[in-house]
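The chains referred to below are lettered A, B, ... by the order of the sequence lines, with proteins before strands, and numbering in each begins at 1. None of these values were measured; they are calculated from a predicted model.
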Protein chains: 2
Amino acid sequence: MPTQSPRPESNQEQLDEQAWLAAYDPRAFAPVAVTVDVVALTLRQDELHVLLVERAAPPYRGCWALPGGFVRAGQEDLDQAAARELAEETGVDTAALRRVHLEQLGSYGSPQRDPRMHVISVAYLAFAPDLPAPRPGTDAAAAAWVPVSSLDLAVGPHRGGPGGHTHHPVRPGGLAFDHAAILAAALDRARAKIEYTPLATAFLGGEFTISDLRAVYEEIWGEKLHPGNFHRKVLSVPGFVEGTGRTTAHGGSRGGPRARLYHRGDARLLHPALLRPDREEEIR
Amino acid sequence: MPTQSPRPESNQEQLDEQAWLAAYDPRAFAPVAVTVDVVALTLRQDELHVLLVERAAPPYRGCWALPGGFVRAGQEDLDQAAARELAEETGVDTAALRRVHLEQLGSYGSPQRDPRMHVISVAYLAFAPDLPAPRPGTDAAAAAWVPVSSLDLAVGPHRGGPGGHTHHPVRPGGLAFDHAAILAAALDRARAKIEYTPLATAFLGGEFTISDLRAVYEEIWGEKLHPGNFHRKVLSVPGFVEGTGRTTAHGGSRGGPRARLYHRGDARLLHPALLRPDREEEIR
DNA sequence: TCAATAGTGTCTCTAAGACAGTATGTG
DNA sequence: CACATACTGTCTTAGAGACACTATTGA
């Protein structure tokens, strides 16, 4: 591959902008491909799942990987590409996609992360309410919601974080490419994001109980929360949830009174925040 | 997955991975270029400055822009590309670069953000102590630390945030491309990041006083803080700063006792955090 | 009837912020 | 001296968490 990008400096003074644009040949640059990969998270039966596809083509054929694909050059921006990929892999239509929160996570660009060529991937993070089973897209052998707890997230030589690291052959039970590192970063982001934003509600339907919301936090943070304190805290944050006046039709499966129903409020940030209990070990 | 990219699916069954790799032609993809752009922030005379270059070549010739350049395909990852661009534009050597905090900010990929072709830019954010005046790199007419307050950050048709939006011709006093939006996102990130991390110390030299540190917060947040409460709060956060036993040689320019000197501690997160005062307006 | 759950009350402790006060410098 | 600044003490209040308690439902 060329070592340098073409440098027009030698004759730049003689070219005005029009001429320069006309003379420009994008193919002269060393080729780079750009993909978007989506970490779509959802809760199914109170368990955190991630949307994965089984690769039908090499490299990593037969491996599970994050859904994603190449950005259509000149036709779409990154957000659009991510939404398109998510729709294609889940079979979810555009209307249902509006109920999904989609945000950019970070970009991964190690030259060795894809054996074919230098592929730079822009990772996205999606929070979805329980969606129908996915139907595989055109270049996937299968697509499924996979419990996060069943995955091997030890990223090995891929040390997490955007940037890029050394390529490593896939390990049994692991994900293709550096997708384990991307998923790990997505989980970190999700755990942090529900502290300061009402995005935990994006995992729930339109109406939910405080207990439903607590189950989201408990599953994503991986620890039990105090039901009474959680209840009072959620209701004390202005704009987090809003009562509907309705209640559940029945009590819980193991008894208890009917719970009041809420829907998402209009706050975009939680103040005060719902901070995770004690994480002293993460400070250093 | 992509409709435009070459699709091996029709014969994928006959090709083993080796053959497929050999047959692969990256040039068949629609061309996309990837750049890194760096928002390097520093404090000079207690005022926040950003490193900008004056473009010597079209497009946006003569405009100020963020330092950046094309990723060298196959040769470097994104973090390395950002560090290289920063070094090239500032003339800072690798040793001094180690004192600079560099993190990925987000990627910007509107098809119209560069008139030449679809250019996807991975933006980085750098926090630097007061560095020497930059010397312009090879494709910049000039390079300078510019006070952030002197810039027009009304991003107009470029609505901030990663993703990508419509191209708009440059406005007088504005930055090239969508760099105003990138800078605005960088400032938001910086304001948030110094709440939870000790990164404000990255703007200071090895030794500093609590007042120096307070000046960093006041300048980045754009509001005065209570000196006494700030002092006590900083010292109460474990691992934020560490006393050196030394003091300044003289009192302040307008009097007062000599201040004790500190250096950065080993905490990576501040607990408790130094939250910004009252931001109720930002919640919705 | 028992057990589980929804929702509330209360107590303690931490930390934020307002304010005051003392010591130590500079001009 | 006058004044700015470094640093500390104290008071009030908000919020987190532990715990207890009542009411309501299902099995």
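- Annotation: the span from L78(B) atom CG to Y108(A) atom OH amounts to 10.5 Å, rounded to 0.5 Å.
- Annotation: side-chain contact (heavy atoms from CB on, under 4.5 Å) contacts of K193(B) (sequence neighbours excluded): E103(B), R189(B), T197(B), L199(B).
- Within the model, atoms CG of L225(B) and NE2 of H231(B) stand 14.0 Å from one another, a figure rounded to the nearest 0.5 Å.
- Annotation: side chain to side chain donor-acceptor pair (under 3.5 Å) contacts of E207(B) (sequence neighbours excluded): R246(B).
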Worksheet item: Reading nucleotides 5-14 of chain C 5' to 3', which nucleotides get B (base under 4.0 Å from a protein heavy atom), which S (sugar-phosphate only), which -?
Response: BSSBBB----

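- For DNA chain D, no neighbouring residue in residues 192-202 of chain A is found when judged by any heavy atom under 4.0 Å.
- Screening residues 234-263 of chain B for ring pair (Phe, Tyr, Trp, His ring centres under 6.0 Å), with sequence neighbours left out, gives no hits.
- Annotation: side chain of W145(B) is not in contact with side chain of E47(B) (no heavy-atom distance under 4.5 Å).
- Rounding to the nearest 0.5 angstrom, the gap separating the CG atom in L183(A) from the CG atom in D188(A) is 10.0 Å.
- S253(A) comes within contact range of the sugar-phosphate backbone alone, with a heavy-atom separation under 4.0 Å but no base atom that close.
- A side-chain donor-acceptor contact under 3.5 Å links T42(A) to the backbone of P129(A).
- Distance check, rounded to the nearest 0.5 Å: CZ of R264(B) to CG of L213(B) gives 11.0 Å.
- Between the CD atom of Q104(A) and the OH atom of Y124(A) there is a distance of 4.0 Å, given to the nearest 0.5 Å.
- Mapping heavy-atom proximity under 4.0 Å, the span of DNA chain D touched by chain B runs 5' to 3' from dA4(D) to dT10(D).
- When heavy atoms are screened at a 4.0 angstrom cut-off, A273(B) is found touching the sugar-phosphate backbone but no base atom.
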